[in-house]
There are 2 protein chains.
Amino acid sequence: MFGASTRLGPVSPAAVTVDLVILTVREETLHVLLVERGNEPYRGLPALPGGYVRDGETLDAAAARELEEETGLAAHRLHLEQLRAYGEPGRDPRGRIFTVAYLALGPELPVPSAGTDARAALWSPVGPYLDGTDELAFDHGMILRDALERARSQLEYTTVAAAFCAEPFTVADLRRVYEVVWDVPLDPSNFRRKVTKAERFLVPTGDRRMLDAGRPAALYRRGDARLLSPPLLRGA
Amino acid sequence: MFGASTRLGPVSPAAVTVDLVILTVREETLHVLLVERGNEPYRGLPALPGGYVRDGETLDAAAARELEEETGLAAHRLHLEQLRAYGEPGRDPRGRIFTVAYLALGPELPVPSAGTDARAALWSPVGPYLDGTDELAFDHGMILRDALERARSQLEYTTVAAAFCAEPFTVADLRRVYEVVWDVPLDPSNFRRKVTKAERFLVPTGDRRMLDAGRPAALYRRGDARLLSPPLLRGA
DNA sequence: CTAGCTTAAAGTCAAGCTGACTTTAAATAG
DNA sequence: CTATTTAAAGTCAGCTTGACTTTAAGCTAG
């Protein structure tokens with residue numbers, strides 16, 4: 001099975017895992033799902049949820065399985081996409097372990113302790129892990145930074161922002177997603193003009209949502225457009 | 001080393017390779033570097049160049065090494081970036097082999113037969129592999145399609161198009177890259193206005209290039225900008 | 001020398017989009 | 001009824017865009 005390694009050079013078998021960056025917006029802040037490590041290495045440090053890819057399992061299936069195990073939610077209800085692979089030789093002290101990172105985006109989710117996996121999983125604001133205040137196990141800090149940059153960029157060119165909103169949602173809900181992920185304030189009026197003009201981004205339900213104060217807001221569901229044209233660029 | 005597999009389920013060791021999608025523009029057509037397979041499986045079929053990631057080697061280093069072996073060119077002269085990982089259980093009949101695909105872009109390169117690797121490597125137009133006329137080994141057809149879509153998208157938002165041009169180059173050289181990769185004609189005047197206005201995309205050398213006919217064109221080198229703002233969108 | 005060809009580069013202009021801002025709408029609380 | 005709150009629509013100058021025209025600068029044929 002690995003006969004070619006003789007010709008190609010020293011190649012030992014390796015392990016392949018998937019790691020998940022599950023992002024959500026809670027209380028006007030971007031949160032990531034982390035698990036506390038119960039074993040060495042990095043015992044006690046928070047880490048991204050993940051696990052080995054099993055025999056006969058695709059990468060996407062492994063990511064979906066881990067997602068359901070950690071959140072207790074059906075994976076098809078979240079946006080899930082591959083981020084990239086990481087394989088630095090020293091990234092795991094136990095040996096050569098490659099990981100394929102996935103980015104998952106979802107609306108405010110139930111407290112994840114209901115998951116099958118018994119490890120303590122919790123939502124944490126991403127801030128302290130981005131600015132270096134707090135540490136993550138392995139190279140998960142880098143993976144988190146890459147994932148966030150991907151998410152920020154995706155908001156510009158795609159409709160994934162709606163994946164952060166539980167349906168039905170208002171234009172203001174959607175705007176708050178952009179403001180929290182990009183960490184900039186946006187003009188409500190101009191934002192509305194753009195997202196409602198984009199084809200098949202938002203589908204009006206006809207209903208309205210009434211809060212304790214103010215005019216009721218129209219409610220929408222996600223349209224079937226995947227790309228946003230024209231894009232919604234940050235950095236005026 | 002793989003002690004955790006008991007708890008996580010059946011996990012056999014796997015092999016990890018890198019595969020390269022090396023693109024260039026020759027004779028007004030987009031070409032990809034392919035090697036003919038000398039062994040089973042898929043003997044005789046063209047495939048993307050690639051090979052096993054060696055012990056102690058990073059993914060990027062493995063990709064750069066394969067690139068130099070196949071093209072005979074110093075990898076730092078080309079644009080090289082990770083595309084994504086592929087790991088379908090059945091993608092290689094020899095066993096569980098994950099591959100991390102890389103996208104490389106470069107100016108018209110010397111005939112790659114000068115490479116260290118003795119396999120027959122050749123530049124092929126991408127067309128027949130995209131529309132299904134010709135087949136590639138393994139899942140390399142899908143990888144090529146993903147790579148091309150990535151390249152097309154990158155041209156919109158980044159300055160990588162200049163990686164296809166040997167320095168120094170003219171605005172018309174750069175425009176031909178866009179036209180070939182996107183497969184659309186562009187207005188020369190409007191194209192010039194945009195790329196010359198973009199900050200740090202093009203650096204004038206002060207020289208001019210004279211062809212057999214027409215006014216001499218100003219020559220440029222690549223600037224240090226990586227992102228294009230505003231972006232250059234296709235699909236008017 | 002100059003007319004004519006070729007390609008580069010600059011200019012023109014109406015239409016559309018953007019950002020900053022103002023106005024109107026529709027609900028609740030007191 | 002009025003103030004308050006949030007939603008949604010409207011205004012407008014300035015910028016960008018796409019389609020197109022004009023000028024520039026080389027060459028070559030006559």
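No experiment lies behind these values; they were computed from the predicted model shown. Proteins come first, then strands; the chains are lettered A, B, ... in the order of their sequence lines, and each starts at number 1.
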Integer-rounded Å distance: [N] [atom2] and [X] [atom1]:
X: B:Leu219; N: D:dA25; atom1: CG; atom2: C1'; value: 15 Å
X: A:Tyr220; N: D:dA8; atom1: OH; atom2: C1'; value: 9 Å
X: B:Asp187; N: D:dT17; atom1: CG; atom2: P; value: 13 Å
X: B:Arg234; N: D:dT17; atom1: CZ; atom2: P; value: 17 Å
X: B:Phe191; N: C:dA8; atom1: CZ; atom2: P; value: 12 Å
X: A:Arg175; N: D:dT6; atom1: CZ; atom2: C1'; value: 10 Å
X: B:Arg209; N: D:dA25; atom1: CZ; atom2: P; value: 19 Å
X: B:Arg208; N: D:dA24; atom1: CZ; atom2: P; value: 14 Å

- [ ] Would you tell me if any nitrogen or oxygen in the side chain of B:Arg192 comes within less than 4.0 Å of OP1 or OP2 on C:dA9?
- [x] yes
Task: Nearest-0.5 Å distance that lies between atom CG in B:Leu202 and atom CG in B:Leu174 - done: 6.0 Å
Task: Nearest-0.5 Å distance, CD of residue B:Glu81 to CD of residue B:Gln154 - done: 4.0 Å
Task: B:Arg145: salt bridge (charged side-chain N to carboxylate O under 4.0 Å, His left out) partners, not counting sequence neighbours - done: none
Open item on the list: For a quick check of understanding: with a heavy-atom distance under 4.0 Å over all strands, which category does B:Asn190 fall into, base, sugar-phosphate or nothing?
Closed with: base
Open item on the list: Considering every strand and a 4.0 Å limit on heavy-atom distances, what is the contact class for B:Ser189: base, sugar-phosphate, or nothing?
Closed with: base
- [ ] With DNA chain C as reference, determine whether A:Lys194 or A:Ala213 sits nearer its 5' end, using the nearest nucleotide of each.
- [x] A:Lys194
TODO: May I ask you to say whether A:Glu199 pairs ionically with A:Arg226, meaning some side-chain N is under 4.0 Å from a carboxylate O?
DONE: no
Open item on the list: Can you confirm if the NZ or CZ of B:Arg84 lies within 45° of the ring axis of B:Tyr86 and under 6.0 Å from the centre of its six-membered ring?
Closed with: yes
TODO: Indicate, yes or no, whether a donor-acceptor pair under 3.5 Å links the base of C:dA26 to the side chain of A:Arg215.
DONE: no
Open item on the list: Pick the closest DNA chain D nucleotide for B:Lys197 and for A:Leu211 by heavy atoms, then say which residue is nearer the 5' end.
Closed with: A:Leu211
- [ ] Would you mind telling me which residue lines up with the more 5' stretch of DNA chain D, B:Asp212 or B:Pro231, judged by nearest nucleotide?
- [x] B:Pro231
Task: A:Arg193, nearest nucleotide to its side chain (from D:dA7, D:dC12, C:dT12) - done: D:dC12
